[in-house]
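The residues of the chain are indexed from 1 along the displayed sequence.
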Amino acid sequence: MGLLTNRVERNEIKAGDHIYTYRAVFAYSHHGIYVGGSKVVHFRPERNLIVGAETSSETQNSILPSSCLIFPDCGFRQPNSGVILSCLDCFLGNGSLYCFEYAVAPSVFLAKVRGGTCTTATSDPPETVIHRAMYLLQNGFGNYNVFQNNCEDFALYCRTGLLIVDRQGVGSSGQASSVIGAPLAAILSSPLKLLMPSPVGMATVTAGMYCMSRYATDIGVRSDVIKVAVEDLAVNLGWLSRHEETSEENKSSNQLIAM
């Protein structure tokens with residue numbers, strides 16, 4: 001267990017593990033669920049699936065041949081879905097492999113300066129995690145949103161089955177919380193400059209506020225989360241109702257055209 005991250009070797013991961021790798025010189029991390037057999041199920045924006053290391057030959061059709069020379073099914077996804085199956089090599093690209101940690105103590109969570117590496121929430125058994133990931137591969141995970149529904153949110157749901165009730169705020173992603181928490185901590189601590197002229201003191205206060213803002217949004221301590229079966233996920237997120245509304249609108253339009 002590292003202070004900042006938890007880098008591991010390939011032979012250390014097991015099916016059902018939540019893994020991640022860094023992109024763009026550690027600017028952000030990409031998360032997924034390792035399902036065994038050197039395969040990873042992960043969630044990406046649909047617009048990024050047209051070009052990319054793991055799906056360079058992929059377009060809007062899941063049955064197009066894969067660009068991976070080792071695994072023919074690498075890059076598989078359903079049409080209009082951002083959930084994709086990749087081999088471990090394509091998922092990592094040129095990055096290193098890291099394993100997301102669960103059920104960490106609050107002191108350990110606060111000591112992790114960077115978000116998106118651990119949670120205080122406990123994980124479900126590996127077979128349940130894999131079932132969720134494979135089910136979502138076939139049925140999708142809704143629309144990608146960098147703050148409310150991203151790759152880390154996907155992996156966290158697969159591991160815990162926890163869903164945030166209030167979809168208006170920040171999601172369960174530690175990365176998103178860090179992006180919001182850092183400037184928020186700086187703003188909240190700025191009035192203290194008058195009382196604490198020391199730069200070291202100010203830095204300590206700001207860092208403390210940043211860590212506490214991350215901790216408050218951790219899925220393991222939030223009160224606005226519920227356990228949702230993967231088969232009921234679409235209903236709880238309103239995907240079915242929106243689909244039904246669209247179907248009704250299309251039906252009405254067809255009737256008007258026929259008239």
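Nearest approach of Ser29 to Gly116, heavy atoms of both residues: OG-O, 4.5 Å. Across every non-hydrogen atom of Thr119 and Gly220, the tightest pair is OG1-N, 4.0 Å. Across Arg10 and Leu92, no two heavy atoms sit closer than the pair NH2-CD1, 3.5 Å. Closest heavy-atom contact between Tyr98 and Thr21: CD1-CA, 4.2 Å. For the pair Val221 and Ala216, the tightest heavy-atom approach, listed with the atom from each and the gap, is CG2-O, 4.2 Å. For the residue pair His30 and Cys151, the shortest heavy atom distance occurs at ND1-SG, 3.5 Å.
Without hydrogens or angle criteria, Arg214 side chain to Lys112 main chain gives a donor-acceptor distance under 3.5 Å. At distances below 3.5 Å, at least one donor-acceptor pair connects side-chain atoms of Glu12 with backbone N or O atoms of Glu9. Distance alone, capped at 3.5 Å, is enough to place a donor-acceptor pair between the Asp218 side chain and the Thr120 backbone. Between the side chain of Tyr135 and the backbone N or O of Asn139 there is no donor-acceptor pair closer than 3.5 Å. Listed for the Thr122 side chain is no donor-acceptor partner under 3.5 Å among the backbone atoms of Ala103. Side-chain atoms of Asn149 come within 3.5 Å of backbone atoms of Asn143 as a donor-acceptor pair (strictly under, hydrogens ignored). The main-chain N or O of Val230 is found under 3.5 Å from a side-chain atom of Tyr157 such that the two form a donor-acceptor pair. The main-chain N or O of Thr160 is found under 3.5 Å from a side-chain atom of Lys227 such that the two form a donor-acceptor pair. No donor-acceptor distance shorter than 3.5 angstrom exists from the side chain of Asp224 to the backbone of Val165, with no hydrogens or angles considered.
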Walk me through it: do Arg132 and Glu231 pass the test side chain to side chain contact (heavy atoms under 4.5 Å, CB included)? CA-CA 9 Å; Arg132 288 182 186 130; Glu231 293 81 5; over 6 Å; no
Start with the C-alpha gap between Asp153 and Phe43, add the side-chain angles, then the distance that decides, and say whether side chain to side chain contact (heavy atoms under 4.5 Å, CB included) holds. CA-CA 9 Å; Asp153 291 305; Phe43 184 47; over 6 Å; no
Do Leu85 and Cys74 pass the side chain to side chain contact (heavy atoms under 4.5 Å, CB included) test, and can you show the C-alpha distance, the side-chain angles, and the key distance before you say yes or no? CA-CA 6 Å; Leu85 177 72; Cys74 178; over 6 Å; no
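For the pair Asp17 and Lys14, the minimum side-chain heavy-atom distance is below 4.5 Å. Counting heavy atoms from C-beta outward, Ile19 and Val8 have side chains that stay 4.5 Å or more apart. Side chains of Leu137 and Gln78 form no contact here, defined as non-hydrogen atoms less than 4.5 Å apart. Counting heavy atoms from C-beta outward, Val41 and Phe154 have side chains that approach closer than 4.5 Å. Residues Leu97 and Ile13 meet the side-chain proximity criterion, which asks for heavy atoms closer than 4.5 Å. Side-chain contact between Ser107 and Leu110: absent, with no pair of heavy atoms (C-beta onward) separated by less than 4.5 Å. Two residues are said to be in side-chain contact when any heavy atoms from C-beta on lie closer than 4.5 Å; Asn150 and Asn145 fail this criterion. Residues Ser123 and Val129 have side chains in contact (heavy-atom distance under 4.5 Å, counting atoms from C-beta outward).
In this structure, His42 has its ring center under 6.0 Å from that of Phe91.
More than 12 non-hydrogen atoms from other residues, nucleotides or ligands lie less than 6.0 angstrom from CG of Asp232.
Under the 30°/60° scheme for interplanar angles, the aromatic rings of Phe100 and Tyr102 are found to be tilted. The aromatic rings of Tyr20 and Tyr22 sit perpendicular, their planes meeting at an angle over 60°, well past the 30° parallel limit.
Rounded to the nearest 0.5 Å, atoms CG (Leu88) and OH (Tyr34) are 6.5 Å apart. Of the inter-residue distances, the one linking Cys90 atom SG with Ile70 atom CD1 reads 7.5 Å to the nearest 0.5 angstrom. With rounding to the nearest 0.5 angstrom, the SG atom of Cys158 is 5.0 Å from the CD1 atom of Ile33. Put simply, CD1 on Ile164 and CD1 on Ile226 are 10.5 Å apart, with the number rounded to the nearest 0.5 Å.
Screening His31, Glu101, Glu152 against His18 for a side-chain hydrogen bond (donor to acceptor under 3.5 Å, both in side chains) leaves a single residue, His31.
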